[in-house]
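In what follows, chains are A, B, ... by sequence order, proteins preceding strands, each numbered from 1.
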Amino acid sequence: MINRLTTFSRKAAGVAALGLLVAAGSPAAQAAEAITPPDQSWGFEGIFGKFDRAAMQRGLQVYTEVCKGCHSLSQVAYRNLSVLGLNEDEIKAYAAEYEVPDGPDEEGEMFTRPALPADKFAAPFPNDNAAKAANGGALPPDLSLITKARANGHDYLYALLTGYADEAPEGIEVGDGLNYNAWFPGFQIAMAQPLYEDQVEYADGTPATIEQMSQDVTEFLAWAAEPELEQRKGMGVTVFLFLIVFLGLAIAYKKALWKTLH
Amino acid sequence: MQSDSADPEFKGIVKWIDRRLPIFTMLHKEYMVFPVPKNLNYFWSFGALASITLIVMILTGFFLAAQYQASTADAFNSVERIMRDVNYGWLIRYVHMNGASMFFIVVYIHIFRGLYYGSYKEPRELLWILGVVILVLMMGTAFMGYVLPWGQMSLWGATVITNLFSAFPLVGEPIVTWLWGGFSVDNPTLNRFFALHYLLPFVIFAVVFLHVAALHIPGSNNPDGIDPKGPADTVNFHPFMTSKDMIGIVVYLMVFAGLVFYAPNFLGHPDNYIPANPLQTPPHIVPEWYFLPYYAILRAFTDDWWFFQIFLGWWMDAKLAGVLAMFGSLVLLAALPWLDTSRVRSCRYRPYYKWAIAVFVINFLILGWVGGKPAEEPYVLISQLSTLYYFFHFLVLTPVLGWIERPKPLPASIGMPVSTPAE
């Protein structure tokens, strides 16, 4: 039923999209009214939700080997990777592979140096214009908050990454330098299909299907957007246990007190 | 009932202070032995809940301001720094963010309570008007607070709303430039909004003080809408009302905690996690949920609407009409004590007006729903009909029902709800 409805609304949206000039690749084009992506189940959803460490590590690998070429992750620091299970040396080694701008030095010159754990993830381009110039005019959005910055962000991201097709369905024209994607508002996205079967070789031997990689990188980016999620939900449980007991006491006290009136 | 006439006995330092500044005597009179009608239901807890929310907002707001940077270059990142690197910054920010929503939920229910039980009627008109003033101040504060994270909706929401003032002839454009401190919503705008967002809560606090002071003259209204006839009809505020308020507070905290811990962004808009970009307009600019009914009224006035063309089109443009209607919707709320011609306060004894209030609430919810929809059919038509109904309710239905309705017999007193024929 839901599938049928979704198909219907996709068709309807497709027809509507024909009349619209959609700025492909524009991050803000993701209106809440866009097609709702299929609901996936994520381990970090729900009251006791937690991130899957192994999936996050695989997701980091996908981000590093695939996404990182174009997309920055400016709010996340290398030191934050300890949450994924990386130890200090691993984090140092990971960070040292990237150069970050620094300076000025004593001569007044700017320079670059290998990144330290305290640094934020190094950006692939020095600025937005450089990023646009290298990507046919479209700006690859920063991914730090991508799952919070889209309606149904986790499901949307997964649907987008798995939503490419070789040919656009009939009736949808794909512009020059753009690609068809079933879940991108307007169906035309500047980003070419990023993931292909076996594109990365997972250290833990997990078969790298498009679905698997999409799922893993979504898990990683969900953490990047909401690093407080586990602490937040854990605290929520404690708060509710306290409030439930408190409510019982408050009701009992009120009843006993008001009885004295009659 | 309780012995409440005797002045309290204080000892030591409290006594010393109280003889010079009788603050403890005042607290005792106004919050301990203050008589409240014994039949108050849980709707009467929402005033206390609103006060608590105001205090929560001021406290969390202070801690956020201690870390926030009001500049267009740094604002977005400083909020993310609070979320990621400041100890429990995520908690403080989510409490503040959802606290704004809780404030409006609580205040809207508080206002509904007043509407249904006629709390605005003589002798509480000024109390009611002060309440509307608080609502307007809250709206201004909330609007400017939403601008501070400097996301896409912050920038574009601010652009749309400040542009409303340009609707006024002659002075409009200069006012907008003056508000912005430039020629677009930019750094000076963000700075002054931050300053005002920090200032206005204290103004609200002062008006709340007046609101409570004005309440303590006639005392609380009650579900029967009749005045207490004596001590048999009342209980002491403490511990009787406070024990009920405590239950209300815990339930309120549960809703609040549910939002903060499990759905912190449910009431927000995803676009506000995209940094503000003056070169890119979001496809649908929507304000926060609590503004949507007024936003719907604003947008209902289109050039081709028959109502606008017949009554207003020949002397103002549609934008000005929308702005005036939006402000007018709040002015009418303040004028309610004089628009309602019935002398019976509570809807319990008003067989027709009771339903009028129910329809009014549903209509208000419909306005909120269409306010969040894009400006296309059928939403435009619905918002126009709902807007007309909003004004019809205040300007026609409320006065007329007061004249023609035959109220049910009022009880003789709160303590003895024996019905005797009215008048």
Max heavy-atom pair count under 4.5 Å with chain B, selected residue of A:N80, A:L243, A:V239: A:L243
Need one label for A:E226: side chain, backbone, both or neither, based on atoms under 4.5 Å from any heavy atom in chain B. side chain
Looking only at heavy atoms, what is the nearest atom pair of A:A182 and A:F187, with distance? O-CE2, 3.3 Å
Determine the interplanar angle of the A:H154 and A:F44 rings, folded into 0 to 90°, and report it as parallel if under 30°, tilted if 30 to 60°, perpendicular if over 60°. perpendicular
We want to know whether A:N181 and A:Q188 form a side-chain donor-acceptor pair, criterion being a heavy-atom distance below 3.5 angstrom. no
For A:S74, which atoms come within 4.5 Å of any heavy atom of chain B: side chain, backbone, both, or neither? neither
Under 4.5 Å from any heavy atom of chain A, what part of B:D85 do you find: side chain, backbone, both or neither? side chain
What part of B:F76 lies closer than 4.5 angstrom to a heavy atom of chain A: side chain, backbone, both or neither? side chain
I want to check something: taking the side chain as every heavy atom from C-beta on, are B:V286 and B:F291 in contact at a cut-off of under 4.5 Å? no
Structural part of A:A224 lying under 4.5 Å from a heavy atom of chain B: backbone
Quiz item: cation-pi between A:K132 and A:F125, 6.0 Å / 45°: no
Grab the two heavy atoms, one from B:W156 and one from B:P278, that are nearest each other, plus how far apart they are. CZ2-O, 3.4 Å
Honestly, the part of B:I247 sitting under 4.5 Å from a heavy atom of chain A is both
Side chain, backbone, both or neither: which part of B:V260 has a non-hydrogen atom closer than 4.5 Å to chain A? backbone
Counting only non-hydrogen atoms closer than 4.5 Å, does A:L249 touch chain B with its backbone (N, CA, C, O), its side chain (CB onward), both, or neither? neither
Pick one: which of B:T234, B:D233, B:D224 meets side-chain hydrogen bond (donor to acceptor under 3.5 Å, both in side chains) with B:N39? B:D224
Taking side chain as everything from C-beta outward and backbone as N, CA, C, O, which of these in A:L229 sits under 4.5 Å from a heavy atom of chain B? Side chain, backbone, both or neither. neither
